Amino acid sequence: MRYPQWQSFTWKPDPRISRVIAVSETAQKGLKEALGVDSVIVPNIFEPRELPKTFLFISRATQEKGLDKALELANRFNAAGKDYVLLIASLVDPYGSYWSPINNNPRIIYLNASIYNPIFYRCADYVIQMSTSESYCYTIREAMAQGCAVLGSKIPEIEKVVKDGVNGYLLNDDLSNLDVDKIFNEVPKPNGYKEKLSPEWQKVLKGEL
(Lines give C-alpha, C1' and ligand atoms only; values in the text may rest on other atoms or scores of the structure.)
Protein backbone atom coordinates (compact mmCIF):
# COMPACT_ATOMS: atom_id res chain seq x y z
CA MET A 1 0.00 0.00 0.00
CA ARG A 2 1.10 3.55 -0.69
CA TYR A 3 0.78 5.03 2.80
CA PRO A 4 2.97 3.73 5.65
CA GLN A 5 0.14 3.56 8.19
CA TRP A 6 -1.64 0.98 6.03
CA GLN A 7 1.38 -1.22 5.22
CA SER A 8 0.57 -3.86 7.82
CA PHE A 9 -3.20 -3.59 7.58
CA THR A 10 -5.14 -6.79 6.89
CA TRP A 11 -8.85 -7.42 6.86
CA LYS A 12 -10.93 -10.53 6.65
CA PRO A 13 -14.69 -10.04 6.48
CA ASP A 14 -16.73 -11.43 9.35
CA PRO A 15 -18.11 -14.87 8.35
CA ARG A 16 -21.62 -13.58 8.90
CA ILE A 17 -21.14 -11.18 5.97
CA SER A 18 -22.44 -12.72 2.78
CA ARG A 19 -21.41 -9.93 0.41
CA VAL A 20 -18.99 -7.03 0.45
CA ILE A 21 -20.31 -3.99 -1.37
CA ALA A 22 -18.07 -1.67 -3.39
CA VAL A 23 -19.38 1.69 -4.54
CA SER A 24 -17.50 1.68 -7.87
CA GLU A 25 -15.28 -0.40 -10.14
CA THR A 26 -12.30 1.48 -8.71
CA ALA A 27 -13.28 0.49 -5.18
CA GLN A 28 -13.88 -3.10 -6.26
CA LYS A 29 -10.46 -3.30 -7.88
CA GLY A 30 -8.77 -1.72 -4.86
CA LEU A 31 -10.39 -4.16 -2.42
CA LYS A 32 -9.25 -7.08 -4.53
CA GLU A 33 -5.70 -5.88 -5.09
CA ALA A 34 -5.02 -4.57 -1.59
CA LEU A 35 -6.97 -7.02 0.57
CA GLY A 36 -7.89 -9.92 -1.70
CA VAL A 37 -11.56 -9.28 -1.00
CA ASP A 38 -14.19 -9.98 -3.65
CA SER A 39 -17.06 -7.52 -3.79
CA VAL A 40 -20.21 -6.68 -5.72
CA ILE A 41 -20.68 -3.17 -7.12
CA VAL A 42 -23.62 -1.16 -5.80
CA PRO A 43 -23.07 2.48 -6.84
CA ASN A 44 -23.51 5.21 -4.27
CA ILE A 45 -26.78 7.11 -4.27
CA PHE A 46 -26.35 10.70 -5.38
CA GLU A 47 -29.18 13.18 -5.69
CA PRO A 48 -28.38 16.89 -6.09
CA ARG A 49 -29.91 18.87 -3.25
CA GLU A 50 -30.85 22.49 -2.91
CA LEU A 51 -28.30 24.28 -0.78
CA PRO A 52 -29.45 26.41 2.16
CA LYS A 53 -29.76 30.17 1.86
CA THR A 54 -26.45 31.70 2.87
CA PHE A 55 -26.07 34.88 4.91
CA LEU A 56 -22.75 36.64 5.53
CA PHE A 57 -21.70 38.96 8.34
CA ILE A 58 -18.33 40.48 7.47
CA SER A 59 -17.97 43.50 9.75
CA ARG A 60 -16.40 44.15 13.13
CA ALA A 61 -18.00 42.04 15.84
CA THR A 62 -19.43 45.04 17.65
CA GLN A 63 -22.91 46.25 18.51
CA GLU A 64 -22.76 49.32 16.27
CA LYS A 65 -22.09 47.04 13.31
CA GLY A 66 -25.16 44.97 14.12
CA LEU A 67 -23.76 41.58 15.07
CA ASP A 68 -26.50 41.30 17.70
CA LYS A 69 -29.09 41.85 14.97
CA ALA A 70 -27.44 39.23 12.75
CA LEU A 71 -27.71 36.71 15.58
CA GLU A 72 -31.33 37.71 16.20
CA LEU A 73 -32.05 37.14 12.50
CA ALA A 74 -30.61 33.65 12.90
CA ASN A 75 -32.99 33.08 15.81
CA ARG A 76 -35.94 34.22 13.69
CA PHE A 77 -34.90 31.92 10.85
CA ASN A 78 -34.65 29.01 13.30
CA ALA A 79 -38.11 29.77 14.67
CA ALA A 80 -39.49 29.81 11.13
CA GLY A 81 -37.88 26.45 10.36
CA LYS A 82 -35.80 27.84 7.50
CA ASP A 83 -32.83 26.12 5.89
CA TYR A 84 -29.91 28.54 6.11
CA VAL A 85 -26.33 29.08 7.19
CA LEU A 86 -24.85 32.25 8.63
CA LEU A 87 -21.17 32.87 7.94
CA ILE A 88 -19.51 35.18 10.46
CA ALA A 89 -16.24 36.50 9.04
CA SER A 90 -15.04 38.59 11.94
CA LEU A 91 -12.88 38.52 15.05
CA VAL A 92 -15.16 37.53 17.91
CA ASP A 93 -14.01 37.61 21.53
CA PRO A 94 -14.31 34.00 22.78
CA TYR A 95 -15.04 35.38 26.26
CA GLY A 96 -17.63 37.93 25.13
CA SER A 97 -21.41 37.75 25.03
CA TYR A 98 -21.56 36.91 21.30
CA TRP A 99 -19.50 33.73 21.47
CA SER A 100 -22.08 31.49 23.14
CA PRO A 101 -24.92 32.06 20.62
CA ILE A 102 -22.42 31.65 17.77
CA ASN A 103 -20.90 28.47 19.17
CA ASN A 104 -24.26 26.91 20.09
CA ASN A 105 -26.02 27.37 16.77
CA PRO A 106 -24.96 24.64 14.30
CA ARG A 107 -26.14 26.80 11.41
CA ILE A 108 -23.55 29.48 12.19
CA ILE A 109 -20.10 29.00 10.69
CA TYR A 110 -17.35 31.07 12.27
CA LEU A 111 -14.64 32.08 9.81
CA ASN A 112 -12.48 34.44 11.87
CA ALA A 113 -11.08 37.61 10.34
CA SER A 114 -9.00 37.56 7.14
CA ILE A 115 -8.22 39.92 4.28
CA TYR A 116 -9.42 37.11 2.00
CA ASN A 117 -12.91 36.83 3.48
CA PRO A 118 -14.53 38.97 0.74
CA ILE A 119 -14.37 35.83 -1.44
CA PHE A 120 -17.44 34.68 0.49
CA TYR A 121 -19.59 37.34 -1.19
CA ARG A 122 -19.62 34.98 -4.16
CA CYS A 123 -21.32 32.19 -2.22
CA ALA A 124 -23.69 34.31 -0.11
CA ASP A 125 -27.27 35.20 -0.96
CA TYR A 126 -27.21 38.14 1.45
CA VAL A 127 -24.73 40.19 3.41
CA ILE A 128 -26.12 41.40 6.73
CA GLN A 129 -25.27 45.00 7.60
CA MET A 130 -27.56 46.09 10.44
CA SER A 131 -25.37 48.98 11.57
CA THR A 132 -26.63 51.72 13.87
CA SER A 133 -24.41 54.22 12.04
CA GLU A 134 -22.13 54.35 9.00
CA SER A 135 -20.06 57.08 7.36
CA TYR A 136 -19.77 55.22 4.02
CA CYS A 137 -19.86 51.38 4.35
CA TYR A 138 -17.66 49.41 2.00
CA THR A 139 -19.36 46.12 2.86
CA ILE A 140 -22.66 46.77 1.10
CA ARG A 141 -20.90 48.11 -1.99
CA GLU A 142 -18.49 45.16 -2.16
CA ALA A 143 -21.38 42.73 -1.74
CA MET A 144 -23.50 44.20 -4.52
CA ALA A 145 -20.49 44.45 -6.81
CA GLN A 146 -20.33 40.64 -6.51
CA GLY A 147 -24.08 40.18 -7.03
CA CYS A 148 -24.85 39.62 -3.33
CA ALA A 149 -28.01 41.20 -1.92
CA VAL A 150 -28.07 43.21 1.31
CA LEU A 151 -30.10 43.00 4.50
CA GLY A 152 -29.46 46.48 5.81
CA SER A 153 -30.65 48.81 8.52
CA LYS A 154 -32.59 51.97 7.77
CA ILE A 155 -29.83 54.51 8.21
CA PRO A 156 -28.92 57.24 5.71
CA GLU A 157 -25.68 55.79 4.29
CA ILE A 158 -27.28 52.39 3.67
CA GLU A 159 -30.53 53.82 2.31
CA LYS A 160 -28.49 55.78 -0.26
CA VAL A 161 -27.34 52.51 -1.82
CA VAL A 162 -29.81 49.75 -0.90
CA LYS A 163 -33.20 49.99 -2.57
CA ASP A 164 -35.78 47.84 -0.82
CA GLY A 165 -36.75 44.84 -2.92
CA VAL A 166 -34.32 45.75 -5.72
CA ASN A 167 -30.85 44.98 -4.42
CA GLY A 168 -31.76 44.00 -0.88
CA TYR A 169 -34.16 44.69 1.96
CA LEU A 170 -34.15 47.49 4.52
CA LEU A 171 -35.08 46.41 8.04
CA ASN A 172 -36.23 48.38 11.05
CA ASP A 173 -33.89 48.40 14.02
CA ASP A 174 -36.37 46.26 16.00
CA LEU A 175 -36.92 43.96 12.99
CA SER A 176 -40.64 44.76 13.16
CA ASN A 177 -40.90 44.73 9.35
CA LEU A 178 -39.02 41.45 8.93
CA ASP A 179 -40.67 39.19 6.36
CA VAL A 180 -38.77 35.91 6.64
CA ASP A 181 -40.63 34.16 3.82
CA LYS A 182 -39.99 37.05 1.43
CA ILE A 183 -36.29 37.09 2.27
CA PHE A 184 -36.03 33.37 1.51
CA ASN A 185 -38.37 33.20 -1.48
CA GLU A 186 -37.66 36.51 -3.22
CA VAL A 187 -33.91 37.05 -3.17
CA PRO A 188 -32.96 40.26 -5.02
CA LYS A 189 -30.18 39.94 -7.58
CA PRO A 190 -27.97 43.05 -7.68
CA ASN A 191 -26.52 43.61 -11.11
CA GLY A 192 -23.10 44.66 -9.89
CA TYR A 193 -22.26 48.05 -8.40
CA LYS A 194 -19.97 50.85 -9.49
CA GLU A 195 -19.27 54.42 -8.44
CA LYS A 196 -17.56 57.19 -10.34
CA LEU A 197 -14.24 58.30 -8.89
CA SER A 198 -14.57 61.78 -7.44
CA PRO A 199 -12.49 64.36 -9.36
CA GLU A 200 -11.52 65.75 -5.96
CA TRP A 201 -9.00 62.91 -5.69
CA GLN A 202 -6.89 64.58 -8.39
CA LYS A 203 -6.59 67.61 -6.13
CA VAL A 204 -5.75 65.41 -3.16
CA LEU A 205 -3.00 63.58 -5.06
CA LYS A 206 -1.58 66.82 -6.42
CA GLY A 207 -1.55 68.40 -2.95
CA GLU A 208 -4.02 71.06 -4.07
CA LEU A 209 -6.69 70.26 -1.53
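Computed from a predicted structure; not experimentally measured. The first residue in the sequence is number 1, and the count goes up from there. Only heavy atoms go into these numbers, but all of them, side chains included; no hydrogens, no water, no symmetry mates.
Met144 and Ile119 end up in the same hydrophobic cluster when Ile, Leu, Val, Met, Phe, Trp and Tyr side chains are linked at under 4.5 Å. Criterion: ILVMFWY side-chain heavy atoms under 4.5 Å apart, direct or through other members. Under it, Val37 and Val23 are not part of a common hydrophobic cluster. Using a 4.5 Å cut-off between side-chain heavy atoms of Ile, Leu, Val, Met, Phe, Trp and Tyr, with links allowed through other members, Trp99 and Leu111 fall into different hydrophobic clusters. If you chain together hydrophobic residues whose side chains sit under 4.5 Å apart, Val150 and Phe120 fall into the same group. Hydrophobic cluster membership differs between Ile41 and Leu35, with clusters built from Ile, Leu, Val, Met, Phe, Trp and Tyr side chains linked at under 4.5 angstrom.
Summarising the geometry, atom CG belonging to Asn177 is positioned 7.5 Å from atom CG belonging to Leu175; distances are rounded to the nearest 0.5 Å. Here the OG atom belonging to Ser114 is positioned 11.5 Å from the CG atom belonging to Leu91, to the nearest 0.5 angstrom. Between the NZ atom in Lys194 and the CZ atom in Arg141 there is a gap of 15.5 Å [rounded to 0.5 Å]. Distance check: Ser153 OG to Lys65 NZ gives 10.0 Å after rounding to the nearest 0.5 Å. Distance CD/Gln129 to CD1/Ile140: 7.0 Å, rounded to 0.5 Å. Between Leu31 atom CG and Ile21 atom CD1 the span is 11.5 Å, to the nearest 0.5 Å.
Residues Pro190 and Cys148 come closest through the heavy atom pair CG-O, 3.6 Å. For Ile155 against Thr132, the heavy-atom pair with the smallest separation is CG2-O, 3.7 Å. Shortest non-hydrogen contact noted between Ala149 and Gly168 is CB-CA, 4.3 Å. Phe55 approaches Leu151 most closely through the heavy-atom pair CE2-CD1, 3.7 Å. Counting all heavy atoms, side chain and backbone alike, Arg60 lies closest to Glu64 at NH2-OE2, 3.3 Å. Contact detail for Pro118 and Ile115: the closest heavy-atom pair is CD-O, 3.3 Å.
Contact check for Tyr98 versus Ser100: no side-chain heavy atoms found under the 4.5 Å cut-off. Contact check for Phe57 versus Ile102: no side-chain heavy atoms found under the 4.5 Å cut-off. A 4.5 Å side-chain heavy-atom check between Leu67 and Ile128 finds every atom pair outside the cut-off.
With Tyr84 as the aromatic partner, Arg107 meets the cation-pi criteria of under 6.0 angstrom to the ring centre and within 45 degrees of the ring axis. Annotation: cation-pi pair Lys82/Phe184 present, NZ/CZ under 6.0 Å from the ring centroid and within 45° of its normal.
Using a 4.0 Å cut-off between a side-chain N of Lys or Arg and a carboxylate O of Asp or Glu, Arg76 and Glu72 qualify as a salt bridge. Lys154 has no carboxylate O lying under 4.0 Å from a charged side-chain N of Glu159, or vice versa, which leaves the two without a salt bridge. A salt bridge links Lys69 to Asp173: at least one charged side-chain nitrogen sits closer than 4.0 Å to a carboxylate oxygen.
No donor-acceptor pair closer than 3.5 Å links the side chain of Gln146 to the backbone N or O of Arg122. Although no hydrogens or angles enter the test, the distance criterion places no donor-acceptor pair under 3.5 Å between the side chain of Ser131 and the main chain of Glu134. Between the side chain of Asn167 and the backbone N or O of Val161, at least one donor-acceptor pair lies under 3.5 Å. Judged by distance alone, the side chain of Thr54 and the main-chain N or O of Asp125 form no donor-acceptor pair under 3.5 Å.
Between Tyr136 and Tyr138, a ring centre-to-centre spacing shorter than 6.0 Å is recorded. Tyr3 and Phe9 have their aromatic ring centers separated by at least 6.0 angstrom.
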Checklist entry - Yes or no on side-chain contact (heavy atoms from CB on, under 4.5 Å) for Asn105 and Asn78, after CA distance, side-chain angles and deciding distance? => result CA-CA 9 Å; Asn105 186 341; Asn78 285 337; 3.3 Å; yes
Item to check | Worked check of side-chain contact (heavy atoms from CB on, under 4.5 Å) between Leu171 and Leu73 | outcome: CA-CA 11 Å; Leu171 302 177; Leu73 283 171; 4.2 Å; yes
Item to check | Ile58 and Tyr121: CA distance, side-chain angles, deciding distance, side-chain contact (heavy atoms from CB on, under 4.5 Å) verdict | outcome: CA-CA 9 Å; Ile58 193 169; Tyr121 289 127; 3.5 Å; yes
Checklist entry - Under the side-chain contact (heavy atoms from CB on, under 4.5 Å) criterion, do Asp14 and Ile17 qualify, and how do the steps go? => result CA-CA 6 Å; Asp14 189 290; Ile17 297 175; 4.0 Å; yes
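No side-chain donor from either of Glu200 and Ser198 sits under 3.5 Å from a side-chain acceptor of the other. Glu208 and Gln202 share no donor-acceptor pair across their side chains, judged by distance under 3.5 Å alone.
Below 30°, between 30° and 60°, or above 60°: for Tyr169 and Tyr126 the angle between ring planes is between 30° and 60°, a tilted geometry.
The local environment of CH2 in Trp201 is sparse, with at most 12 non-hydrogen atoms from other residues, nucleotides or ligands closer than 6.0 Å. For Asn191, the CG atom sits in a loose shell: 12 or fewer heavy atoms of surrounding residues, nucleotides or ligands are nearer than 6.0 Å. Environment of NZ in Lys163: crowded, with over 12 heavy atoms of neighbouring residues, nucleotides or ligands closer than 6.0 Å. Applying the 6.0 Å contact sphere to CD of Gln5 captures more than 12 heavy atoms from other residues, nucleotides or ligands.
Applying side-chain contact (heavy atoms from CB on, under 4.5 Å) to Leu56 and the options Thr139, Ile88, Leu87, Val85 leaves one that passes, Leu87.
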